[in-house]
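Lettering of chains follows the sequences in order, A, B, ..., and the numbering in each one begins at 1.
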2 protein chains.
Amino acid sequence: MTVQDVRAFNRFYTGVIGALDYGRHLYAPYTLTESRVLYELAHSRQLDAADLRTRLSLDAGYLSRILNKFEEAGLVERGPSAADPRRRSVTLTTRGRETAGLLDERARETVGALLDSVAPQERPRLGEAMRTIRDLLGDERAPGPREVVLRAPRPGDLGWIVQRNAELYAAEYGWNADYEGLVARIVADFAEDHDPHLERVWIAELDGRAVGCVMCVRDEVPATARLRLLLVEPDARGRGVGDRLVRAVVDFAREAGYRDLVLWTNDVLSSARHLYQRHGFGLVAERPHRSFGKDLMGQDWRLDLHGSGV
Amino acid sequence: MTVQDVRAFNRFYTGVIGALDYGRHLYAPYTLTESRVLYELAHSRQLDAADLRTRLSLDAGYLSRILNKFEEAGLVERGPSAADPRRRSVTLTTRGRETAGLLDERARETVGALLDSVAPQERPRLGEAMRTIRDLLGDERAPGPREVVLRAPRPGDLGWIVQRNAELYAAEYGWNADYEGLVARIVADFAEDHDPHLERVWIAELDGRAVGCVMCVRDEVPATARLRLLLVEPDARGRGVGDRLVRAVVDFAREAGYRDLVLWTNDVLSSARHLYQRHGFGLVAERPHRSFGKDLMGQDWRLDLHGSGV
DNA sequence: TCCGGATGCTTGACTCAGTCAGAGATACTG
DNA sequence: CAGTATCTCTGACTGAGTCAAGCATCCGGA
């Protein structure tokens with residue numbers, strides 16, 4: 001990923017956008033800017049001229065003239081703004097709403113034609129890519145709900161768990177393929193046989209993208225549940241995803257009638273430590289071991305699901 | 001993925017591009033169009049005016065004037081085109097090359113600033129997304145090598161195999177989570193213990209993106225290798241990816257000293273059938289079974305690695 | 001309460017990127 | 001060789017967008 005790549009993309013996408021309104025058919029008899037103003041007006045209940053100016057970064061004089069033109073054509077009405085008499089509030093008339101709808105329709109068709117050129121099974125990838133770019137380049141406008149939701153795994157999610165665990169721990173701690181094998185074994189055991197009342201997997205989604213997971217399974221020790229494979233994507237950390245996942249497991253385990261909830265982790269995963277402590281887990285044992293190509297310090301943690309504190 | 005989403009992205013990206021050359025600082029003292037002309041000239045040895053016109057879809061008169069301006073400023077030289085005397089060939093002078101470099105530098109800095117606003121560990125995702133969009137929306141200009149390469153698995157790839165197998169077969173044939181478990185088990189066995197001289201996994205990449213995989217492992221039957229988990233992404237089919245993968249396994253198995261190569265598949269996977277036949281496999285048995293939530297017809301295929309024909 | 005500076009809108013004057021039409025020169029086609 | 005298309009250039013024009021000045025109002029401080 002270099003500056004070159006971004007510039008190549010910019011050139012390319014400028015072309016795409018240019019091709020879309022080839023020959024100004026799209027906005028006739030309005031300008032691109034005029035139609036952007038109409039669009040903004042149609043998509044928000046009511047705006048002041050100043051809002052339009054900042055949103056579309058237009059020259060004040062230019063906007064004023066555009067609104068004049070619209071008013072003469074009977075598309076908008078201007079009145080004093082309630083809050084500040086210097087400002088002018090702009091509202092679409094019925095006629096204006098119709099025109100905006102018309103332009104909208106035309107734009108939708110053109111973009112639809114573009115979209116038709118993409119094979120249907122590819123479109124999700126396109127959407128995902130566009131969303132990613134908006135996300136990463138900081139589109140505050142429509143980042144969506146930004147809400148973390150937990151859900152049951154869907155086909156492929158167990159594989160995703162293996163993939164992300166392996167990739168992340170390889171990148172962050174240099175763990176080797178043994179770890180990937182271990183995770184694959186764990187999800188294989190889970191997929192092949194589990195009682196949904198006693199064992200479960202959660203996927204955390206942020207804006208429709210999987211960003212975390214956790215598993216709760218029966219331990220060999222009776223009446224004991226084991227939390228496994230807790231993972232939160234680096235770029236989604238700090239949003240309480242980990243908290244939500246751990247809480248889900250704790251609640252589920254308590255609900256399911258387990259007495260204890262245990263987990264095994266390694267001391268290098270320091271951020272997880274606080275998470276576990278916050279949920280009432282206590283460190284019960286530490287043991288050095290060599291796994292995944294590294295010398296590690298394994299830790300056993302335990303939470304008494306019905307106890308009154310430690 | 002709807003037209004809405006595409007339009008939202010277009011609006012957003014228009015803003016991004018707009019923000020990049022805020023106030024024309026970027027191109028001063030030239031216009032965007034002029035600098036595009038300079039860019040084209042700087043990035044190809046030598047062009048005729050007509051080429052510039054078509055590439056940048058400019059008005060002939062407009063371009064002529066731009067070139068006049070450049071010639072007066074000593075940035076370009078015009079001469080008759082070798083092939084066609086009507087045409088004029090345009091070349092940058094040293095001075096022109098310098099100016100182009102300067103503009104380029106400025107653009108690079110601005111884009112660099114934008115890129116700095118993205119966390120380093122996110123940048124690969126951004127690049128991937130941009131490449132995807134260019135790919136899907138058909139950028140012939142720089143689609144890259146479009147070359148399929150096979151490589152060894154990296155951390156996370158085994159998880160990817162599980163994920164894509166599960167997702168694809170769930171989507172295409174409605175197979176349930178049992179299949180995901182089976183695949184996870186297979187890769188777990190492989191990851192935990194395998195002799196690299198006798199067992200191997202290949203990932204097929206197209207333009208840096210994983211689009212296929214296959215595994216070769218020892219069978220219980222002595223001197224027999226088993227091909228497993230052959231997968232090609234739907235959008236990468238028809239590029240010979242499957243062929244490359246099967247060939248890799250056949251060659252490897254023969255090289256490793258196996259006598260036979262076998263595989264198990266199901267008759268619903270009809271496109272794979274031709275692939276196997278093409279590589280000399282013969283169907284040796286068919287047996288109905290119920291797996292993955294479906295009634296299926298399992299097939300055993302075999303290839304004599306040293307035999308002379310069937 | 002009043003003053004100075006900032007903000008919001010409007011209008012006049014202007015710039016200059018981009019378009020259109022016509023003309024001269026040359027190529028291609030039959 | 002006639003007719004038509006292509007390439008380039010120039011003149012004439014359009015109109016999107018900018019800049020500056022002016023008026024009204026808001027806000028923060030003395």
Side-chain angles (χ1 to χ4, degrees), chain A residues 14-15 17-19 21-41 46-73 76-91, chain B residues 14-15 17-19 21-39 41 46-73 76-91 103:
Chain A
T14 307
I17 293 176
D21 70 335
Y22 186 73
R24 304 277 177 288
H25 299 309
L26 248 187
Y27 311 116
Y30 302 98
T31 320
L32 168 63
T33 315
E34 286 170 340
S35 78
R36 290 209 297 157
V37 171
L38 273 181
Y39 180 91
E40 285 298 329
L41 286 171
Q46 194 240 351
L47 286 175
D48 290 351
D51 301 327
L52 285 170
R53 254 181 39 222
T54 53
R55 279 205 206 175
L56 303 175
S57 37
L58 292 180
D59 176 78
Y62 186 27
L63 176 62
S64 175
R65 253 179 282 265
I66 288 177
L67 292 177
N68 279 345
K69 183 177 163 189
F70 283 174
E71 203 166 30
E72 275 165 32
V76 305
E77 275 172 359
R78 279 190 279 195
S81 173
D84 183 339
R86 287 173 309 177
R87 294 172 149 240
R88 304 198 61 179
S89 130
V90 186
T91 49
Chain B
T14 306
I17 292 175
D21 70 336
Y22 186 74
R24 304 275 177 289
H25 298 310
L26 249 187
Y27 311 117
Y30 303 98
T31 66
L32 169 62
T33 315
E34 287 168 340
S35 77
R36 289 208 298 155
V37 172
L38 273 181
Y39 181 91
L41 286 172
Q46 194 241 350
L47 286 175
D48 289 351
D51 300 327
L52 283 170
R53 254 182 39 223
T54 53
R55 279 205 204 173
L56 304 175
S57 38
L58 291 180
D59 177 79
Y62 186 27
L63 176 62
S64 173
R65 253 180 282 266
I66 288 177
L67 293 177
N68 279 345
K69 184 178 161 189
F70 282 175
E71 204 166 29
E72 275 165 33
V76 305
E77 275 171 1
R78 278 191 279 195
S81 172
D84 182 339
R86 289 172 307 177
R87 293 172 149 239
R88 304 198 59 180
S89 130
V90 186
T91 48
L103 290 181

Donor on one side chain, acceptor on other, B/Ser81 and B/Asp48, under 3.5 Å: yes

Between OH on residue B/Tyr30 and CG on residue B/Leu103, distance to nearest 0.5 Å: 7.0 Å

B/Arg87 side-chain N/O to C/dA25 phosphate OP1/OP2 under 4.0 Å: no

Sugar-phosphate only, base, or nothing, as touched by B/Ala60 at under 4.0 Å among non-hydrogen atoms: base

Interatomic distance where CG belongs to A/Asp59 and C1' belongs to C/dA13 [whole Å]: 13 Å

Gap between atoms CG and P, on A/Asp84 and C/dA6 respectively (whole Å): 17 Å

Between P of C/dA25 and CG of B/Asp48, the distance in whole Å: 20 Å

A/Thr33 side, atom OG1; A/Tyr39 side, atom OH - distance, nearest 0.5 Å: 15.5 Å

side-chain N/O A/Asn68 vs C/dT11 OP1/OP2, d < 4.0 Å: yes

Distance in angstrom units between B/Leu52 CG and D/dC7 C1', rounded: 13 Å

A/Arg53 and A/Asp59 ion-paired at < 4.0 Å: no

Donor-acceptor contact below 3.5 Å, side chain A/Ser57 vs main chain A/Thr54: no

Which residue lies more 5' along DNA chain D, comparing B/Tyr62 with A/Glu34 via nearest heavy atoms: B/Tyr62

Whichever of A/Arg86 and A/Thr31 has its nearest DNA chain D nucleotide further upstream toward 5': A/Thr31

Under-4.0 Å side-chain N/O to phosphate OP1/OP2 contact, A/Ser81 with C/dG8: no

Atom-pair distance (CZ on A/Arg65; C1' on D/dT18), nearest Å: 10 Å

Euclidean distance, atom CG of residue B/Leu58 to atom P of D/dC9 [Å, nearest integer]: 13 Å

Residue-phosphate contact under 4.0 Å: B/Arg53 side-chain N/O, D/dT8 OP1/OP2: yes

Between C1' of C/dT19 and CD1 of B/Ile66, the distance in whole Å: 13 Å

Any A/Arg78 side-chain N or O less than 4.0 Å from OP1/OP2 of C/dC9: no

Protein-nucleotide distance (A/Leu32, atom CG; C/dA17, atom C1'), rounded to Å: 15 Å

Closest-nucleotide 5' rank along DNA chain C - winner of B/Leu63 and A/Ala50: A/Ala50

